[in-house]
K.L.:
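Pasting a structure here, questions to come.
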There are 2 protein chains.
Amino acid sequence: MGHTNWLNEEEMNAWIAFISAATLVDRELDQQLKEDMGLSHLQYQILMTLNRAEAGAMRMTELAERIINSKSGLTYQIGQMEKAGLVTRRQCEWSKSGVLAEITAEGRATLERAAPGHVEAVREILIDVLTPEERKAVADGLGRVRDRIAERKQGGTCW
Amino acid sequence: MGHTNWLNEEEMNAWIAFISAATLVDRELDQQLKEDMGLSHLQYQILMTLNRAEAGAMRMTELAERIINSKSGLTYQIGQMEKAGLVTRRQCEWSKSGVLAEITAEGRATLERAAPGHVEAVREILIDVLTPEERKAVADGLGRVRDRIAERKQGGTCW
DNA sequence: AACTCCTTGTTCAAATTTGAACTCAACTGT
DNA sequence: ACAGTTGAGTTCAAATTTGAACAAGGAGTT
């Protein structure tokens with residue numbers, strides 16, 4: 001230690017490309033969804049995640065982790081979406097302190113209407129811009145990045 | 001048109017990995033910077049960008065574009081950082097309506113103290129987790145993604 | 001049961017972000 | 001000089017996010 005191992009040009013390029021693409025893509029998708037359907041990207045992800053879950057329902061904490069959001073933030077968003085009729089809250093059967101967020105029929109309908117435009121945007125902005133090799137590198141490399149960060153929050157074992 | 005060209009598994013993997021890594025990395029860095037130095041990632045980026053600019057100063061709008069932020073958001077952040085003594089506002093010489101944000105000596109000092117830890121974190125959570133090939137794919141592919149989005153906002157030529 | 005510790009989800013205030021409206025300055029054409 | 005238009009920054013209210021504090025349940029121990 002002592003001296004910092006600065007990024008060289010090649011590393012810097014990767015870093016800058018990653019961080020700016022991340023910001024821009026997120027912003028772009030948010031706008032597309034908002035214009036087309038009045039949904040935020042976060043809300044879309046919530047609907048998507050619930051829709052895939054069995055019974056279309058999921059515990060708040062698990063949902064928060066899945067979409068990478070704070071618990072209080074999720075409470076807020078589910079509140080909004082409940083007002084909009086996209087989801088409902090229901091008590092968890094086997095635990096009195098648990099709450100299930102469940103997608104409604106209207107939620108599913110909204111998702112179905114939103115999905116085509118969203119997927120098209122994802123292709124146009126990201127997926128179709130990458131070569132198959134780059135896609136693989138992104139899937140593998142960034143997948144590993146994600147897993148490592150997720151593990152480290154979990155394990156807690158900080159050596 | 002008509003039928004949606006859904007993402008296949010390979011594409012889905014790339015998409016999911018990208019979006020979750022993006023969220024997690026940003027979150028992680030924000031936390032590291034905040035704990036170590038009381039800076040948000042955005043503030044770090046502002047200091048960084050100003051520090052590199054000649055004379056350590058830059059027009060508000062250009063700065064906003066560079067760090068990918070709304071103009072009003074930047075006005076707010078520069079306000080905060082001005083209170084904290086990290087930057088100053090100065091009138092643009094050749095344009096009375098222009099404002100220059102300039103990094104102060106204290107700002108530079110803060111940046112210098114923050115940089116080593118930040119770079120280390122960037123390595124640990126992203127750069128060193130990728131193979132050189134993956135880094136190249138990320139730099140090239142996501143660089144292209146970034147450029148395309150940037151162009152399209154610019155050109156405005158929507159056909 | 002009484003006690004302690006951990007987990008769930010919510011609440012609350014403060015910080016931040018967003019987008020539209022607004023103020024001036026700069027540029028155009030007359 | 002004078003409208004008409006555009007560009008730069010700011011302001012403002014509303015929406016969202018954050019993190020700490022909180023109420024209530026579970027689970028384990030004595």
Side-chain angles (χ1 to χ4, degrees), chain A residues 23-24 26-35 38-46 50 57-84 86-102 153-154 156, chain B residues 23-24 26-35 38-46 50 57-84 86-102 153-154 156:
Chain A
T23 312
L24 284 168
D26 204 50
R27 200 173 273 271
E28 204 72 1
L29 288 180
D30 218 64
Q31 223 167 331
Q32 179 265 322
L33 279 168
K34 215 161 280 175
E35 274 175 20
L39 289 175
S40 67
H41 190 198
L42 179 56
Q43 292 177 327
Y44 182 90
Q45 286 178 299
I46 291 175
L50 288 180
M58 200 178 274
R59 295 282 295 264
M60 293 295 278
T61 299
E62 195 191 346
L63 182 52
E65 277 166 13
R66 199 69 70 85
I67 62 180
I68 311 176
N69 216 280
S70 68
K71 286 193 300 178
S72 62
L74 183 61
T75 294
Y76 173 77
Q77 274 303 338
I78 292 292
Q80 295 304 103
M81 295 171 76
E82 205 170 16
K83 278 189 210 163
L86 302 173
V87 302
T88 340
R89 261 183 249 250
R90 181 151 68 73
Q91 207 201 42
C92 179
E93 290 88 354
W94 69 89
S95 161
K96 224 181 284 187
S97 68
V99 173
L100 291 176
E102 180 174 19
K153 317 212 116 173
Q154 257 262 330
Chain B
T23 312
L24 284 169
D26 204 50
R27 202 172 272 274
E28 204 72 2
L29 286 180
D30 218 61
Q31 222 167 333
Q32 179 265 321
L33 278 167
K34 215 162 282 176
E35 273 175 22
L39 289 175
S40 68
H41 189 197
L42 180 56
Q43 293 177 328
Y44 183 90
Q45 286 178 299
I46 292 175
L50 288 181
M58 199 179 275
R59 294 283 293 263
M60 293 295 278
T61 299
E62 195 191 346
L63 182 52
E65 278 166 13
R66 198 70 69 84
I67 62 180
I68 309 175
N69 216 277
S70 67
K71 286 195 299 176
S72 63
L74 182 61
T75 294
Y76 173 77
Q77 275 303 338
I78 292 291
Q80 295 303 105
M81 295 171 75
E82 205 170 15
K83 278 189 211 163
L86 302 173
V87 301
T88 340
R89 260 184 249 249
R90 182 149 68 73
Q91 208 200 41
C92 178
E93 288 88 355
W94 69 89
S95 159
K96 224 182 285 188
S97 69
V99 173
L100 291 176
E102 180 174 19
K153 318 212 117 175
Q154 256 264 329

K.L.:
To the nearest angstrom, how far is B:Met60 atom CE from D:dG7 atom P?
P.N.:
18 Å
K.L.:
Below the 4.0 Å mark, does C:dT8 have OP1 or OP2 next to a side-chain nitrogen or oxygen of A:Ser97?
P.N.:
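It does not, given that no N or O in the side chain of A:Ser97 lies less than 4.0 Å from OP1 or OP2 of C:dT8.
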K.L.:
Per the side-chain contact (heavy atoms from CB on, under 4.5 Å) rule, which among A:Arg90, A:Met60, A:Arg89 passes with A:Leu100?
P.N.:
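When A:Arg90, A:Met60, A:Arg89 are each tested with A:Leu100, the side-chain contact (heavy atoms from CB on, under 4.5 Å) holds only for A:Arg90.
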K.L.:
Between A:Tyr76 and B:Gln80, just flag the one whose closest nucleotide in DNA chain C comes earlier from the 5' side.
P.N.:
A:Tyr76
K.L.:
Which nucleotide in the list D:dG9, D:dA20, C:dT17 gets nearest to the side chain of B:Leu42?
P.N.:
C:dT17
K.L.:
Record whether the side chain of A:Thr61 comes under 3.5 Å of the base of C:dG9 through a donor-acceptor pair of N or O atoms.
P.N.:
no
K.L.:
Mapping B:Val99 and A:Gln43 onto DNA chain D by nearest heavy atom, which one lands closer to the 5' end?
P.N.:
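Nearest-nucleotide comparison on DNA chain D picks B:Val99.
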K.L.:
Whole angstroms only, please: what is the CD1-C1' distance between A:Ile67 and D:dT16?
P.N.:
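Rounded to the whole Å, the gap is 14 Å.
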K.L.:
Going by modelled atom types, is there a donor-acceptor pair between the base of D:dG25 and the side chain of A:Lys96 at under 3.5 Å?
P.N.:
no
K.L.:
Heavy-atom count around A:Arg66 CZ within 6.0 Å, excluding the residue itself: above 12?
P.N.:
no
K.L.:
Side chain of A:Asn69, heavy atoms from C-beta onward: which of D:dG9, D:dT18, C:dT10 has the nearest atom to it?
P.N.:
D:dT18
K.L.:
Could you tell me the separation between the NZ atom of A:Lys71 and the P atom of D:dT16, rounded to a whole number of Å?
P.N.:
22 Å
K.L.:
So what does B:Ser95 hit on the nucleic acid, given a heavy-atom distance under 4.0 Å: a base, only sugar-phosphate, or nothing?
P.N.:
sugar-phosphate
K.L.:
When all nucleic acid strands are considered with a 4.0 Å heavy-atom cut-off, which category describes B:Gly73: base, sugar-phosphate, or nothing?
P.N.:
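The residue B:Gly73 makes base contact.
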K.L.:
Let's go through B:Val99 and B:Ile78 carefully: what are the C-alpha distance in whole Å and the side-chain angles of both, what is the deciding distance for side chain to side chain contact (heavy atoms under 4.5 Å, CB included) to 0.1 Å, and is it a yes or a no?
P.N.:
CA-CA 11 Å; B:Val99 173; B:Ile78 292 291; over 6 Å; no
K.L.:
How long is the line joining CZ of A:Arg59 and C1' of C:dT10, in whole Å?
P.N.:
14 Å
K.L.:
Is any side-chain nitrogen or oxygen of A:Gln77 closer than 4.0 Å to OP1 or OP2 of D:dT17?
P.N.:
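Yes, such a contact exists.
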K.L.:
Tell me: CG of A:Asp26 to P of C:dT18, nearest whole Å?
P.N.:
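Atom-to-atom, A:Asp26 to C:dT18, this comes out as 10 Å.
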K.L.:
Just verifying a value: how many Å separate B:Gln45 CD and B:Leu42 CG, rounded to the nearest 0.5 Å?
P.N.:
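Rounded to the nearest 0.5 Å, the CD-CG separation comes out at 6.5 Å.
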K.L.:
So, OP1 or OP2 of D:dG9: does either fall under 4.0 Å of a side-chain N or O from B:Arg89?
P.N.:
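Indeed not, no polar side-chain atom of B:Arg89 lies that close.
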K.L.:
When you measure from the side chain of B:Gln43 to the backbone N and O of B:Ser40, does any donor-acceptor pair fall under 3.5 Å?
P.N.:
yes
K.L.:
Can you tell me the distance, in whole Å, between the CG atom of A:Leu74 and the P atom of C:dG9?
P.N.:
9 Å
K.L.:
Would you mind reading off the distance between B:Ile78 atom CD1 and D:dG9 atom C1', rounded to a whole angstrom?
P.N.:
12 Å
K.L.:
Nearest whole Å is fine: how far is D:dA8 P from B:Arg90 CZ?
P.N.:
18 Å
